[in-house]
Amino acid sequence: MQVFKTFLKIAVRKIPSVILYFVIFAIIAILLSSDAEQKNGFESTKLSISVHDLDNTTASHELISFIEQNHTLVDVGESDEQITDALFYHTINYSLTINEGFEQKLESGETDGLFESVKDEDYQAVFFEGQLEQYISAVSMYIAQGMDAKQACNEASLLSSISTDVTVESFSQDEGGYLMYFTQYLAYIFISIMIVGLSPILATFNKPDIRRRIDSSSLLMSKKTLQLILGSLVVTAIVWLAFMLLGIALYGSEMFTKTGVLTLLNTLVYIVISMGAAMLVAQFDINENTIPMVSNVFGMGMSFLCGVFVPQNLLSSLVLGIAKFLPAYWFVKANNMLYGVGDTAFTMTKYLTYLGIELLFAIALFSAVMAVSRSKMQTSE
């Protein structure tokens with residue numbers, strides 16, 4: 001077992017780079033779990049609004065009352081400089097001027113030129129303008145039915161106050177909270193940490209001088225390969241167990257629910273894929289200093305394409321079409337399905353199908369490793 005022992009000695013020297021990745025991910029996971037209560041509801045946001053009424057009629061007063069019910073009125077003055085300063089220092093989110101003739105235009109069915117506004121170009125301004133547009137549309141509708149301006153404004157205010165309770169349904173039987181995010185990011189961490197930690201060790205044994213020395217010994221090639229695979233499995237198992245223990249420390253019993261166990265199985269299959277990728281990288285004559293760069297290309301590339309950093313439902317069909325040829329896509333697909341994220345309801349058949357596809361990627365990687373290794377042996381001979 002000389003090769004195996006040497007493998008472990010080299011692995012010990014590579015521990016700092018592995019620990020660095022582990023610590024970084026542990027910090028990210030702790031930050032995610034610091035707000036453990038998952039919020040599935042919607043709460044309306046109150047903005048700070050400045051209103052300048054040039055019409056001073058019943059309709060304009062009712063509009064101001066409507067705005068005050070939903071937002072906070074702030075008096076910052078009426079000059080352009082005062083309003084601009086208030087927006088710049090975020091004293092207000094929106095400045096609205098009700099133009100003269102507001103009520104008269106409403107009663108005649110006109111909706112153009114009712115307001116002047118000064119705003120920041122952000123979602124908050126769009127949010128308020130949407131409310132304002134709905135209010136004006138409702139008022140116009142009631143006036144068209146024969147109501148006067150005051151009554152129409154009252155009815156529009158009542159209409160806007162109607163709310164309903166919403167229940168968020170999930171496909172998953174066991175809600176995992178931030179455990180989903182913890183395991184999702186493993187798609188990036190595993191591939192990165194295995195290439196950075198495992199590839200340099202295997203690359204050492206692939207150096208021409210060392211390979212020739214081992215080949216010239218009495219050690220059979222099959223035993224050498226077996227010992228290298230055994231060493232790789234030991235390193236892989238240690239990395240996987242370290243992250244699973246971190247998950248247990250952060251999420252406790254959630255790791256042992258049905259969903260949690262299926263998640264663990266998914267991560268186990270994926271780290272085997274990561275091991276295969278690391279072994280394949282090691283087969284090429286790559287400088288050890290460039291291995292972290294290769295790791296980032298694999299890790300970051302698959303993460304952005306496959307839905308680790310950006311949800312899959314926000315990616316274009318072209319990107320998803322490319323991602324289907326990468327293992328991280330199926331890892332994320334299975335993970336999302338387990339926690340009811342996306343448009344795929346959980347079934348054990350679909351879950352096993354996704355796992356099966358991941359295993360096919362693992363087989364393909366290990367086959368490529370064997371093919372490249374055999375080719376190098378024939379070339380050296």
According to a hydrophobic-cluster definition based on side-chain heavy atoms being under 4.5 Å apart (Ile, Leu, Val, Met, Phe, Trp, Tyr only), do [X] and [Y] belong together?
| X | Y | result |
| --- | --- | --- |
| Met194 | Ile363 | no |
| Leu268 | Met348 | yes |
| Leu241 | Ile271 | yes |
| Leu250 | Leu338 | yes |
| Phe88 | Ile92 | no |

For [Y], does its backbone N or O pair with a side-chain atom of [X] as donor and acceptor, under 3.5 Å?
| X | Y | result |
| --- | --- | --- |
| Glu103 | Ala59 | yes |
| Thr91 | Leu87 | no |
| Asp55 | Gly101 | yes |
| Ser199 | Val196 | no |
| Asn99 | Gly113 | yes |
| Ser303 | Gly299 | yes |
| Ser274 | Tyr270 | yes |

Review point. Taking everything shown except Glu81 itself, do over 12 heavy atoms lie less than 6.0 Å from its CD?
Key: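 At most 12 heavy atoms, drawn from other residues, nucleotides or ligands, come within 6.0 Å of this atom.
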Exercise for review: Step through the shown structure and confirm whether more than 12 heavy atoms of other residues, nucleotides or ligands are within 6.0 Å of OH on Tyr142.
Suggested key: yes
Measuring from atom [atom1] of [X] to atom [atom2] of [Y], what distance do you get when rounded to the nearest 0.5 angstrom?
| X | Y | atom1 | atom2 | answer |
| --- | --- | --- | --- | --- |
| Ser50 | His71 | OG | NE2 | 13.5 Å |
| Gln312 | Leu305 | CD | CG | 11.0 Å |
| Leu186 | Ser192 | CG | OG | 11.0 Å |
| Ile191 | Ile273 | CD1 | CD1 | 8.0 Å |
| Lys333 | Asn266 | NZ | CG | 13.5 Å |
| Met370 | Leu365 | CE | CG | 13.5 Å |

Point to revise | Check against side-chain contact (heavy atoms from CB on, under 4.5 Å), Asp75 and Val51 | key: CA-CA 8 Å; Asp75 185 8; Val51 180; over 6 Å; no
Point to revise | Trp330, Phe331, Tyr188, Tyr329 screened by side-chain contact (heavy atoms from CB on, under 4.5 Å) with Cys306, the one that passes | key: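 The side-chain contact (heavy atoms from CB on, under 4.5 Å) with Cys306 is passed solely by Tyr329 among Trp330, Phe331, Tyr188, Tyr329.
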Review point. Given Met275, which of Val239, Leu198, Val235 fulfils the side-chain contact (heavy atoms from CB on, under 4.5 Å) condition?
Key: Leu198
Any side-chain heavy-atom pair of [X] and [Y] under 4.5 Å:
| X | Y | value |
| --- | --- | --- |
| Ile136 | Leu114 | yes |
| Met244 | Thr267 | yes |
| Val118 | Asp80 | no |
| Phe361 | Leu326 | no |
| Thr97 | Ser117 | no |
| Phe256 | Leu264 | no |
| His61 | Asp53 | yes |
| His52 | Ile98 | no |

List the atom of [X], the atom of [Y], and the distance in Å for their closest heavy-atom pair.
| X | Y | answer |
| --- | --- | --- |
| Pro327 | Met302 | CD-SD, 3.9 Å |
| Met337 | Lys350 | SD-CB, 3.8 Å |
| Glu358 | Ala334 | OE2-CB, 4.4 Å |
| Phe346 | Leu262 | CZ-CD1, 3.8 Å |
| Val269 | Leu359 | CG1-CD2, 3.8 Å |
| Ile143 | Ala152 | CG1-CB, 3.6 Å |

Exercise for review: Kindly determine whether Phe190 and Phe243 satisfy ring-ring contact (aromatic ring centres under 6.0 Å, His included), including the steps that lead there.
Suggested key: CA-CA 10 Å; Phe190 277 170; Phe243 280 101; 5.6 Å; yes
Review point. What residue among Tyr94, Tyr135, Phe128, Phe102 forms ring pair (Phe, Tyr, Trp, His ring centres under 6.0 Å) with Phe115?
Key: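 Exactly one option meets the ring pair (Phe, Tyr, Trp, His ring centres under 6.0 Å) with Phe115, and it is Phe102.
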Review point. Run the side-chain contact (heavy atoms from CB on, under 4.5 Å) check on Val332 and Gln184 step by step: do they pass?
Key: CA-CA 6 Å; Val332 173; Gln184 192 109 313; 3.7 Å; yes
Point to revise | Pair Gln82, Ser79: side-chain N/O donor-acceptor within cut-off below 3.5 Å | key: yes
Check your understanding: Does the side chain of Tyr339 come under 3.5 Å of the side chain of Thr263 through a donor N or O and an acceptor N or O?
Key ->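 Yes, a side-chain donor-acceptor pair sits under 3.5 Å.
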Review point. Please walk me through it: do Ile19 and Val23 pass side-chain contact (heavy atoms from CB on, under 4.5 Å)?
Key: CA-CA 6 Å; Ile19 290 177; Val23 170; 4.0 Å; yes
